[in-house]
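The structure appears right after this line, and notes come after that.
Letters go in sequence order (proteins before strands), and every chain restarts at 1.
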Amino acid sequence: MSARAKQAPAKIWHDDYPQLGTGPLPIEPYISEQHFERERDKIFRKVWLNVGRVEQIPQAGDYFVKPLEICRTSILVARDDDGEVRAFHNMCSHRGNRLVWDDKGSSRGFVCKYHGWTYRADGSLQAITDEKRFFDLDKSCLGLTPVHVGIWEGFIYVNVDPEPVESLEDFLGEVGQSFAGYPFAELATACFSWQVEVKANWKVGKDAFQEVYHISSLHGRSTGRMFASPANPFLNVHEAALFDPHARISVPANLDWKPHPVEDLAKRFGILTLQKQGISSAGMPPVVNPTNSPDWSFSGFNCFPNTSIFVSEGGFLTHTFWPLAVDRTLWETRIYFPKAKTMAERFSQEYSRSTFLDGVMAEDGGIFEATQSMLASGAKTEFYLSDEELLIRHHHKIIADYLNA
Amino acid sequence: MAESSLPDAFFDLNPYLEWALPSEHARRAKRASTSMSEIRAFYDAMLERMEAVLSFLEKYPADDPPADVELLFLLATALAEIAPAVEMYGEQTADGMDVLRLKPVDIYPQRLSREL
């Protein structure tokens, strides 16, 4: 055993959270239509949801549209003439047509294709076609319906509750503040992203990114051995910590991993996301490597309810799970990099993208649907969690608390 | 791409130009439908030259490369695309979800390797 070998896990994460218990968890929340509808009303229509980043709309007039089926709406996020990020229900004030049909764009205003009503980027109603034929309209009251919007470290959050119970800052709380100083903006100048609809409950997806216990087995042929080592074969984490309603884990690296030939080239000519061993966390906030472990690879911030943000040295990535139905989810993944300076650095980023496509999107995505199909069988009613799956247990508890509030 | 050719120093890679596809989806579809022996032949030929390829690509800024440099970059990117098949799986695809189902969403539009 090398000097840096992990000792037998003396720390039991659950010991810090006795209120969570250690028993099995019910499968019902993954397959019950009724449970899904309660999640819609009591969670997704109440809490702050991460819909993107400020880099998507850098200039005044830039906008993107985020369909939020789970909130039964479509959200228009735009940067107004004063540079403020605004969010609105994407709905014309006249007879309710969905106003903007593009995914994204840049415009000085928005024109409803139905009857041509026009709106400014700040959401105010600019003009009504053939206005004189209307009765007693007060245009100043007929702007787009605003949605509460907040920015945290460049991430854009919306809250469709007309009166949110707490600010975004309070919602993210201590764990949100702990990321201050992580160079999100510097690292978010280039991005690969994908969307895919998976036949699984949103929590099946989210759960996979709340633990790394699966990495040595599910990813055994791909990335597993980059993280799990002979000394820590099941990839016990450096830290699992809960910050209601959010959570955080810190993940070891296998410092003895010998890169594959193409991986080695990619590492020498650039930086890979989450795939470099012996990463330096110098100059980053302590949250990034909270135990200051030399064999650290990345940390995960589980942002309740449906986003996971993973941070490392050369970049960060996000997974967001948008519920469509109890057994259908839009999985949205974005891997962020600092913009490459040379074509060789771009190659390294392409290598990162390619291995991510196989080692995460294909391998984890396959599990989502395979799991959901069997949960739906009803053959079993409970499942069992190890100490390393603390965050899943916590997520269940938080969801139950919201539904019972 | 038909009108482009590789930089002169890399003429020996011309037989593999069919791999220099402009989108992730096209490269992935080719990987899934090509035999492992052909994939390995491409891998071996490219790997032998990659040190030189990357040293060459390192001289070019990341934006708006000349057409021949872009073609070489796409060929290198195809190596990145098939590397997991050779180095990790020993077969064309991972055991999991078909990645051709994924819809790439370009939120920063400058990445020429990902024409959608």
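- A salt bridge links A:R221 with B:E91: the distance from a Lys NZ or Arg NE/NH1/NH2 to an Asp or Glu carboxylate oxygen falls below 4.0 Å.
- Between B:E51 and A:R268, at least one side-chain nitrogen of the basic residue sits less than 4.0 Å from a carboxylate oxygen of the acidic one, meeting the salt-bridge criterion.
- If you measure heavy-atom distances from A:F269 to chain B, the contacts under 4.5 Å come from the side chain alone.
- No side-chain heavy atom of B:V53 sits under 4.5 Å from any side-chain heavy atom of A:L265.
- Here the side chain of B:R101 pairs a donor or acceptor atom with the backbone of A:E197 at under 3.5 angstrom.
- Residues from residues 367-376 of chain A that place a non-hydrogen atom less than 4.5 Å from a non-hydrogen atom of chain B comprise A:E369, given in numerical order.
- The CE atom of A:M361 lies 5.0 Å from the CG atom of B:L102; values are rounded to the nearest 0.5 Å.
- In the model, B:R28 has a side-chain atom that pairs as donor or acceptor with a side-chain atom of A:S354 under 3.5 Å.
- In terms of heavy-atom proximity, B:T77 sits nearest to A:F347 at N-CD1, 4.3 Å.
- Per-residue heavy-atom pair counts under 4.5 Å with chain B were compared for A:T333, A:V196, A:D364, and the maximum is reached by A:V196.
- Counting heavy atoms from C-beta on, the side chains of A:E350 and B:F73 come closer than 4.5 Å.
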| task | Apply side-chain contact (heavy atoms from CB on, under 4.5 Å) to the pair A:M343 and B:L54, showing each step before the final yes or no. | result | CA-CA 8 Å; A:M343 295 301 286; B:L54 290 172; over 6 Å; no
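- No more than 12 heavy atoms of other residues, nucleotides or ligands shown are found within 6.0 angstrom of OH on A:Y213.
- For a heavy-atom cut-off of 4.5 Å, chain A lies close to B:A80, B:E81, B:A83, B:P84, B:E87, B:M88 in residues 80-88 of chain B.
- For the atom pair B:D63 CG and A:R346 CZ, the distance stands at 7.0 Å (nearest 0.5 Å).
- With hydrogens and angles disregarded, no donor-acceptor distance shorter than 3.5 Å links the side chain of A:T342 to the backbone of B:P61.
- A 4.5 Å side-chain heavy-atom check between B:M97 and A:W331 finds at least one atom pair inside the cut-off.
- Taking a cutoff of 4.0 Å between a charged side-chain nitrogen and a carboxylate oxygen, A:D358 and B:R31 qualify as a salt bridge.
- Heavy-atom contacts from other residues, nucleotides or ligands closer than 6.0 Å to CG of B:D68 number more than 12.
- Comparing A:S222, A:G365, A:G359 by how many heavy-atom pairs each has under 4.5 Å with chain B, the most go to A:S222.
- Heavy atoms only, all atoms of each residue included: B:V99 and A:L357 are closest at CG1-O, 3.6 Å.
- Contacts of B:F56 with chain A are absent, with no heavy-atom separation under 4.5 Å from either backbone or side chain.
- Under a cut-off of 6.0 angstrom, the local environment of CG in B:D44 is crowded, with over 12 non-hydrogen atoms contributed by other residues, nucleotides or ligands.
- Atom CD of B:E18 sits in a crowded spot, with more than 12 heavy atoms from other residues, nucleotides or ligands closer than 6.0 Å.
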